Amino acid sequence: GGLRVDRGEINRMSMLAECLLQSVDWSSYRVASGPATTVGSALHDLLTSTNFEEAATAWSRIEEQVFSQADIYSAAEPTVSVMLAALTQEQPPWRSGRILDLLFFINNGNSATDPSLRTRCHQRTREGLWLLTQWAINHDGWSRDNAMEVIEIIAPDHAALLRQTISDH
């Protein structure tokens with residue numbers, strides 16, 4: 001099992017994630033359908049979701065927008081920072097799975113209009129490599145696997161070392 005989550009903490013978004021979320025001028029970024037004006041509220045709803053259904057509803061407003069199939073849009077870049085900030089505190093499984101999936105889809109995607117976007121997203125995610133590593137070490141099962149999938153994209157050598165370290169313990 002994962003770490004215990006205090007019930008009072010579940011509904012509260014990480015202060016760090018909230019600060020980052022509010023500091024982004026989302027309308028200056030783009031998603032599949034145009035300006036990213038609703039991304040901030042969709043991410044907020046994901047990060048304050050209290051159950052699987054609420055997380056799925058928020059996800060449906062993120063999926064096919066920030067990323068669509070293998071395409072990513074400029075809003076992916078600040079989304080990476082907000083998702084990493086959210087992982088600085090323990091998250092319930094319905095949230096952490098979506099957070100890690102979002103990081104995976106963003107880092108696995110490409111932009112047709114901005115060839116350097118993938119590299120910039122990788123760089124931002126690599127800044128949180130320590131956090132993803134900590135998540136993989138402190139969790140097991142699919143939660144660890146999801147973190148490892150992101151690490152394998154952004155830092156394959158690190159992923160191999162981390163797998164070895166985890167299996168040695």
Side-chain angles (χ1 to χ4, degrees), residues 5 8-136 143 146-147 149-155:
V5 178
E9 290 290 307
I10 280 188
N11 302 338
R12 237 185 33 243
M13 193 188 323
S14 144
M15 212 180 300
L16 185 56
E18 195 167 357
C19 285
L20 271 170
L21 191 61
Q22 291 175 3
S23 73
V24 175
D25 176 12
W26 292 100
S27 63
S28 70
Y29 291 93
R30 298 198 60 76
V31 291
S33 61
T37 49
T38 62
V39 171
S41 65
L43 295 176
H44 176 273
D45 291 352
L46 172 64
L47 297 179
T48 55
S49 61
T50 58
N51 56 47
F52 284 98
E53 291 73 28
E54 288 178 12
T57 300
W59 181 259
S60 69
R61 293 166 46 214
I62 297 164
E63 188 179 34
E64 304 300 329
Q65 291 299 318
V66 175
F67 70 92
S68 178
Q69 271 80 45
D71 295 326
I72 53 174
Y73 300 88
S74 66
E77 201 173 352
T79 297
V80 164
S81 299
V82 173
M83 293 302 99
L84 289 170
L87 290 177
T88 61
Q89 81 178 28
E90 191 55 34
Q91 296 289 345
W94 64 84
R95 238 187 263 153
S96 64
R98 299 291 188 176
I99 291 167
L100 290 163
D101 281 349
L102 190 47
L103 288 170
F104 174 80
F105 287 120
I106 287 171
N107 282 286
N108 211 30
N110 276 298
S111 171
T113 56
D114 181 355
S116 70
L117 181 59
R118 177 185 174 100
T119 303
R120 295 195 315 272
C121 287
H122 282 204
Q123 285 169 339
R124 271 200 198 207
T125 308
R126 254 188 236 104
E127 289 170 9
L129 183 58
W130 65 272
L131 188 57
L132 292 165
T133 300
Q134 181 183 43
W135 194 271
S143 194
N146 285 1
E149 285 179 348
V150 177
I151 294 168
E152 280 165 3
I153 295 171
I154 60 159

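Just so you know, these numbers use all the heavy atoms, side chains as well, and skip hydrogens, waters and symmetry mates. A quick note: this is a predicted structure, and the numbers were derived from the prediction, not measured. Numbers for residues simply follow the sequence, beginning at 1.
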Can you list every salt bridge (charged side-chain N to carboxylate O under 4.0 Å, His left out) pair that touches residues 32-53, not counting sequence neighbours? D45-R61

Roughly how far, to the nearest 0.5 Å, is CD1 of I154 from SG of C121? 11.5 Å

Start with the C-alpha gap between T125 and I153, add the side-chain angles, then the distance that decides, and say whether side-chain contact (heavy atoms from CB on, under 4.5 Å) holds. CA-CA 10 Å; T125 308; I153 295 171; over 6 Å; no

Atom pair OH/CD1 of Y73 and I106 - distance to nearest 0.5 Å: 12.5 Å

Could you note down all residue pairs passing ring-ring contact (aromatic ring centres under 6.0 Å, His included) where residues 104-132 supplies at least one of them, sequence neighbours left out? F67-F105

Residues at least two apart in sequence or cross-chain that pass side-chain hydrogen bond (donor to acceptor under 3.5 Å, both in side chains) with S74, listed by chain then number, are none

In chain order, what residues pass the side chain to side chain contact (heavy atoms under 4.5 Å, CB included) check against P35, with sequence neighbours excluded? R30, T37

Between L46 and M83, what is the shortest heavy-atom contact and its length? CD2-SD, 4.4 Å

Under a 4.5 Å cut-off applied to non-hydrogen side-chain atoms, are V39 and I62 in contact? no

Quick check against the 3.5 Å criterion: does R118 have a side-chain atom that pairs as donor or acceptor with the backbone of S111? no

One should read off an interatomic distance between L103 CG and N146 CG, to the nearest 0.5 angstrom, of 10.0 Å

If I take atom CD from residue E63 and atom CZ from residue R98, how far apart are they, to the nearest 0.5 angstrom? 7.5 Å

Test: side chain to side chain donor-acceptor pair (under 3.5 Å). Region: residues 15-25. Which pairs qualify, not counting sequence neighbours? D25-S27

Taking every non-hydrogen atom, the tightest pair across S49 and W94: O-NE1, 3.0 Å

Donor-acceptor pair, distance only, cut-off 3.5 Å: does the side chain of Q91 make one with the backbone of A86? yes

All heavy atoms of S96 vs all of W135, minimum pair found to be CB-CZ2, 3.5 Å

Does any part of the side chain of V24, heavy atoms only, come nearer than 4.5 Å to the side chain of Y29, both counted from C-beta? yes

Minimum-distance pair of heavy atoms, taken over all atoms of T88 and S14: OG1-OG, 3.9 Å

Just jot down the side chain to side chain contact (heavy atoms under 4.5 Å, CB included) partners of S81, sequence neighbours excluded, or say none. L20, R124

OG1 of T38 to NE2 of H44: how many Å apart, nearest 0.5 Å? 14.5 Å

Any donor and acceptor pair, going by atom type alone, linking the side chain of W26 with main-chain N or O of L21 inside 3.5 Å? yes

Rounding to 0.5 Å, atoms CD1 (I72) and CG (D114) come to a distance of 8.5 Å

Note: V150 and L100 closest approach over all heavy atoms is CG2-O, 3.6 Å

Shortest non-hydrogen contact from L87 toward L131: O-CD1, 3.6 Å

